[in-house]
Structures are given as structure tokens and as C-alpha cells.
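Here the structure is a predicted model, which is why all the values come from computation and not from measurement. In what follows, chains carry the letters A, B, and so on, assigned in the order in which the sequence lines appear, proteins first and then strands, with residues in each chain numbered from 1.
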Protein chains: 2
Amino acid sequence: MTIEVPETPRLAGTSAPSTAGPVTSKGAGVHGEPSATGVRTRSQHQRRKRIIQAAAALASRGGVEAMQMRTVAERAGVALGTLYRYFPSKMDLVVAVVGEEIDLLESSIERRPPGAADPAGRAVDVLMRATRGLMREPELADALIRSLIMTEVETPFGDRMAGLLVRVAGERPGEGDGPTEEQVALAGSLASVWVHELLEMLRGRRTYEQIQWRIEIVATRLFADFPAAPPS
Amino acid sequence: MTIEVPETPRLAGTSAPSTAGPVTSKGAGVHGEPSATGVRTRSQHQRRKRIIQAAAALASRGGVEAMQMRTVAERAGVALGTLYRYFPSKMDLVVAVVGEEIDLLESSIERRPPGAADPAGRAVDVLMRATRGLMREPELADALIRSLIMTEVETPFGDRMAGLLVRVAGERPGEGDGPTEEQVALAGSLASVWVHELLEMLRGRRTYEQIQWRIEIVATRLFADFPAAPPS
DNA sequence: ACAGTTATTGGAATGTGTTCTAATTTCTGG
DNA sequence: CCAGAAATTAGAACACATTCCAATAACTGT
């Protein structure tokens with residue numbers, strides 16, 4: 001019945017924007033067209049945020065197991081049914097939590113951009129920063145990463161990471177022309193290697209240093225011929 | 001009550017060796033030392049095999065969902081409790097099934113080794129062959145790969161793949177000296193990229209050609225300075 | 001063949017994700 | 001403020017992995 005949601009420090013350390021609202025009756029409803037956007041009132045944003053916060057808080061304790069739907073609902077002060085209206089499955093909820101995490105990382109990077117001279121160095125910088133962030137909440141990280149890879153759901157995770165890497169690695173080549181498809185592929189690959197290394201770390205089979213070493217090796221080779229970023 | 005287990009065509013197309021037996025009461029039992037090895041009778045091998053076959057058969061139909069523990073037990077002709085004695089969790093069962101798959105791939109490669117001249121080419125060859133194999137049973141592939149990544153369990157998947165790649169890419173450098181740690185890391189990275197691409201394909205976001213293109217790009221860069229294999 | 005150990009069985013019981021329902025509350029447009 | 005639409009709620013209900021248990025069968029060393 002209580003609501004308060006205390007702790008929630010994680011990846012970077014700032015607040016950040018969120019996405020949509022509840023999944024308002026999509027599909028052919030029984031009658032009139034449902035509000036296309038999905039979001040209606042401000043209180044729905046609140047609810048959504050409360051749910052995500054509660055979920056994150058729980059996950060940062062005992063991992064996925066601790067993040068039980070019933071508990072999340074209770075902690076967020078909503079009915080189980082409502083929780084399921086907002087997040088059709090546990091996975092969707094996890095994805096949402098991760099979304100917030102990435103938002104944090106992005107704003108963190110915007111605030112303090114990677115300083116390395118070469119593209120690979122900058123990419124490594126970003127990835128290792130994210131790694132440190134995740135290491136602070138192992139349980140949560142574990143839960144999130146695992147679930148993410150698992151999910152059927154659209155997972156912007158890899159893509160967002162790849163995008164981020166492309167951006168920090170090979171800044172704006174010209175004006176309208178974005179990154180090469182090849183660059184995107186390479187960045188995506190580096191991201192997937194990173195995720196894999198993270199998983200290994202969470203399994204206790206990698207130390208931070210080992211990850212760094214591996215990421216450096218891979219980044220160096222993958223980003224060898226990336227167009228150097230114009231010195232800002 | 002029935003036992004027969006018909007279909008089971010998958011990765012390569014041959015039979016292959018299996019691993020251990022049931023997880024005979026490990027941990028400090030109530031009394032005498034349990035048989036260390038785990039395997040006892042021949043019938044236990046049979047049982048184990050039946051279980052794995054049943055599991056694979058079911059998974060190749062409706063994926064993980066169809067592979068319900070009760071059903072597997074029933075199809076394999078064992079009690080639920082017995083199934084759990086052999087495989088403490090569904091994940092363990094999945095891992096076992098995957099193990100068989102990899103065995104198949106390995107023997108397939110042994111039979112018809114990759115022909116490309118350069119290391120990267122051979123690696124791509126192997127990975128794409130495995131890809132085609134998995135594509136034949138999408139449901140099973142999906143189930144297996146997802147579960148594998150998810151699991152807490154020791155997952156020889158990535159490691160075995162990496163080992164395989166190292167082997168086909170940079171054959172025996174000398175006599176006693178195995179591959180460099182760096183080579184292992186690179187091979188492992190390529191394997192993780194491949195797994196990621198597979199997942200994307202299973203999600204319908206990649207075609208076979210796209211995967212090939214990406215794997216080629218990545219392999220080329222990662223294996224650029226691999227010691228060329230001595231022409232057999 | 002015996003006694004003790006371990007494996008197998010059938011089935012009940014538990015935990016948690018997910019679905020469903022009927023009643024109640026909140027919105028929205030007029 | 002009213003009527004209908006959509007959201008929320010409390011809680012039951014369901015599905016499936018996992019655990020437990022008592023009884024029985026199979027196996028081992030002697």
C-alpha cells in the first residue's frame with residue numbers, strides 16, 4: 001500500500017527523460033478508436049515512473065528474482081492488472097528500466113565527452129565508463145543485461161549503444177551524410193562484444209582489467225580506419 | 001508412458017558423443033560417499049540420451065515453450081523427479097542439447113574442413129556453416145541460443161565456439177605452444193558477434209546475407225594478423 | 001541372497017509470471 | 001453536471017518450473 005521509492009543510483013548519476021505511457025488498449029478495441037498516442041494524463045507518467053523506479057530498486061537488491069511483478073506493483077502502489085497494462089510482460093519492464101539507464105549514460109557522456117584522440121580510444125572510454133557504472137549495481141546489471149538479450153521485445157539496447165559509439169568514435173563526417181553502414185556494423189559489433197564481456201564479468205569469469213584489455217584490442221582493430229573526428 | 005523418439009535432424013547431420021550421466025547426489029549426502037563420477041549404469045546413459053532427444057524434438061517444434069519439463073519427462077519416459085535429477089533446471093537441459101549440437105558441428109567440420117586460404121575466411125566459413133545449420137530449425141535455434149546466453153550455468157558455448165575458431169583460423173603454430181591469449185580473445189569476440197547476429201536474425205532483423213556481410217567485415221579485421229595456417 | 005545405499009516413480013505442493021473478471025474510479029466531451 | 005469510454009483495482013484463476021515426499025525398484029559389496 002505504501003509508495004515511497006528511495007534509492008536508485010546507478011549508471012551515471014543524473015535524471016533523464018523517459019518515453020511513452022501506458023499501453024492504452026491498442027488492437028481493435030470493442031468500440032471507438034483508442035487514443036493513438038497512449039499517454040493521457042500526467043498521473044500516468046507518474047505511475048509509469050513509479051513503476052520503473054520500484055522495479056529498478058527491487059532489481060538492484062536481489063536481481064531479477066527479487067523483481068517480482070506482484071512486488072513491483074505493490075511497491076509502485078498500483079494493481080497487478082495496471083502494471084500489466086503498462087508493461088505487458090516482465091521483460092518489457094526490464095527494457096524500460098534499461099532505457100533509463102542508457103539515458104543516464106548518454107547524458108553523462110554529453111556532460112563529459114571521452115577525451116581520447118583516436119576513435120577506438122573514445123569508444124573504449126565510453127564502454128569502460130558504462131562498465132564501471134554497471135558494476136556499481138551488479139544485481140541490477142545482471143538482471144538487466146540478461147533479460148535484454150533474452151527478450152523478444154524490440155531491444156534498442158544494442159542499437160542505441162552502437163549509435164552512441166558511432167557518434168563518439170567518428171563524429172559528423174560531413175553534414176547530411178551520416179555514418180557508413182559499415183561503421184554502424186562495426187560499432188554494433190563492438191557493442192555486442194562488450195555486452196558479452198559484461199556477461200562474463202557478471203558470471204565472475206572476467207575482471208574489470210581483463211574486459212578493458214579485450215575491449216581495447218577489439219576496438220583498435222574494428223575502428224582502425226574510422227575517420228578521425230575533427231578536433232572540436 | 002511411450003518412449004520412442006523419432007525426428008532429430010539439426011545442425012550438421014551425424015551422431016556424436018555425449019557427456020556425463022545423472023547428477024548423482026552430490027553435496028554432502030546423509031551417509032557414504034556418492035559415486036564421484038556420476039555415471040553408473042548403461043541405462044543411465046540411455047535415459048540421459050532419451051531425455052535430451054525428447055527435449056530437442058520438442059524444442060524443434062514450438063521452441064522453449066513447447067519444451068515443458070513435464071512433457072519432456074513424459075516423452076522421455078521418466079518421472080519428473082528423475083528428469084530433475086539429471087538436469088537440475090531447464091537451462092541445464094538446454095545446455096546439454098546445445099552441447100550435442102556443437103558436437104555435430106565439430107564433427108561436420110572435421111569431416112569437411114573450411115577451404116578458404118586466409119584465417120578470416122576459414123572462420124567465416126565455419127560460422128556461416130553453423131548459421132545455415134541453425135536456420136534449419138529456427139525454433140530450436142532460438143530457444144537454445146536465448147537460453148544459453150541467459151543462463152547462470154557454465155556455458156561452454158562461447159568458449160567452445162572460440163576454440164573452434166582459433167583452431168580453424170590459425171592452425172597449430174608450432175608444437176607445444178597453443179594460441180596466443182590475444183588470439184583466443186579475438187576468436188571469442190568474433191564468436192560473440194556471431195551469436196549476436198544470430199539473435200538479430202531470429203528476431204527477424206537480419207537476413208542470411210546481412211549476417212555474412214557483417215561477419216566477414218568483422219572477421220577480416222579481427223583476424224588480420226593471425227598467423228596464416230601452414231598449407232596442409 | 002542380504003542389508004544398505006541410491007535411483008526412480010507418481011503425485012502432491014509451492015512460487016511466480018500472466019490472464020481474467022466484475023466492480024469502481026477517473027476522464028472526456030458536451 | 002451527465003453519459004459513455006477508458007483506466008484502475010482487488011483478487012481469483014491458470015500455467016509451468018521447481019521442490020518435496022513416501023513408496024518402490026535397482027544396484028552394490030559382501
Side-chain angles (χ1 to χ4, degrees), chain A residues 1 21-48 50-51 55 58 62-74 76-94 143 147 150-152, chain B residues 1 3 21-48 50-51 55 58 62-74 76-94 147 150-152:
Chain A
M1 308 315 187
V23 184
T24 29
S25 53
K26 57 183 176 183
V30 182
H31 246 208
E33 289 291 88
S35 57
T37 45
V39 185
R40 259 161 205 263
T41 71
R42 204 165 294 92
S43 69
Q44 289 187 317
H45 273 303
Q46 304 292 328
R47 236 184 290 258
R48 186 190 159 84
R50 275 213 317 271
I51 292 176
L58 285 169
V64 239
E65 317 90 63
M67 179 177 143
Q68 300 179 6
M69 296 304 262
R70 286 178 227 274
T71 316
V72 171
E74 193 180 302
V78 300
L80 190 56
T82 305
L83 171 52
Y84 270 92
R85 174 191 279 288
Y86 280 70
F87 303 96
S89 81
K90 189 170 179 172
M91 224 63 107
D92 292 86
L93 180 51
V94 171
S147 311
M150 266 287 280
T151 189
E152 293 275 359
Chain B
M1 309 322 189
I3 295 185
V23 183
T24 29
S25 53
K26 56 182 176 184
V30 182
H31 247 209
E33 289 290 86
S35 57
T37 45
V39 186
R40 256 160 208 262
T41 70
R42 205 166 294 92
S43 69
Q44 289 187 317
H45 272 303
Q46 304 293 327
R47 237 184 289 259
R48 186 191 158 84
R50 277 213 317 272
I51 292 177
L58 285 169
V64 236
E65 316 90 61
M67 180 178 142
Q68 300 179 6
M69 295 305 261
R70 284 178 227 274
T71 316
V72 171
E74 193 181 302
V78 301
L80 190 56
T82 305
L83 171 52
Y84 271 93
R85 174 191 278 289
Y86 280 69
F87 303 95
S89 81
K90 189 169 180 174
M91 222 64 105
D92 292 85
L93 180 50
V94 171
S147 310
M150 263 288 279
T151 189
E152 293 275 357

Check: Rounded to the Å, how far apart are A:F87 CZ and C:dG17 C1'?
Finding: 16 Å
Checklist line | For atom CG of A:L58 and atom C1' of C:dG17, their distance in whole Å | finding: 15 Å
Check: A:T82 side chain N/O closer than 4.0 Å to the phosphate oxygens (OP1, OP2) of D:dA7?
Finding: no
Item checked: Whole-Å gap separating P (C:dT18) and CG (A:L83) -> 9 Å
Check: What integer distance in Å separates A:R85:CZ from C:dG17:C1'?
Finding: 19 Å
Item checked: Gap separating the CZ atom of A:R48 from the NE2 atom of A:H45, nearest 0.5 angstrom -> 8.5 Å
Next item on the list: Rounded to the nearest angstrom, tell me the gap between atom CD1 in B:I51 and atom P in C:dA7.
Entry: 14 Å
Note to self: Please find the pair of heavy atoms, one from A:V94 and one from A:M67, that lie closest to each other, and give the distance.
What the structure shows: CG2-CE, 3.6 Å
Next item on the list: Identify the heavy atoms of A:L93 and A:V72 that sit nearest to each other, and give their distance.
Entry: CD2-CG1, 4.0 Å
Margin query: Would you compute the distance between atom CZ of B:F87 and atom CE of B:M69 and round it to the nearest 0.5 angstrom?
Written below: 8.5 Å
Below 3.5 Å between N/O atoms, which protein atoms pair up with nucleotides 15-18 of chain D? Just atom names and distances, please.
{"from": "D:dC16", "atom 1": "OP1", "to": "B:Q68", "atom 2": "NE2", "distance (Å)": "2.8"}
{"from": "D:dA17", "atom 1": "OP1", "to": "B:K90", "atom 2": "NZ", "distance (Å)": "2.8"}
{"from": "D:dA17", "atom 1": "OP2", "to": "B:M69", "atom 2": "N", "distance (Å)": "3.2"}
{"from": "D:dA17", "atom 1": "N7", "to": "B:R70", "atom 2": "NH2", "distance (Å)": "3.1"}
{"from": "D:dA17", "atom 1": "N6", "to": "B:R70", "atom 2": "NH2", "distance (Å)": "3.0"}
{"from": "D:dT18", "atom 1": "OP2", "to": "B:Y84", "atom 2": "OH", "distance (Å)": "3.0"}
{"from": "D:dT18", "atom 1": "OP2", "to": "B:K90", "atom 2": "N", "distance (Å)": "2.8"}
{"from": "D:dT18", "atom 1": "O5'", "to": "B:Y84", "atom 2": "OH", "distance (Å)": "3.4"}

Polar-atom pairs under 3.5 Å, protein N or O versus N or O of nucleotides 21-24 of chain D: list them with distances, or write none.
none

Checklist line | Heavy-atom pair of closest approach, residues B:A66 and B:L58 | finding: CB-O, 3.8 Å
Next item on the list: Send over the distance from B:Q46 CD to D:dA26 P, rounded to a whole Å.
Entry: 16 Å
Check: Looking at CD1 of A:I51 and CD of A:Q44, how far apart are the two atoms once the value is rounded to the nearest 0.5 Å?
Finding: 10.0 Å
Protein-nucleic acid N or O pairs under 3.5 Å, nucleotides 22-26 of chain C:
none

Check: In whole Å, what is the span from the NE2 atom of A:H45 to the C1' atom of D:dA7?
Finding: 15 Å
Checklist line | Atom-pair distance (CZ on B:R47; P on C:dT8), nearest Å | finding: 4 Å
Check: Between B:Q44 and D:dC27, is there a side-chain N or O to OP1/OP2 distance below 4.0 Å?
Finding: no
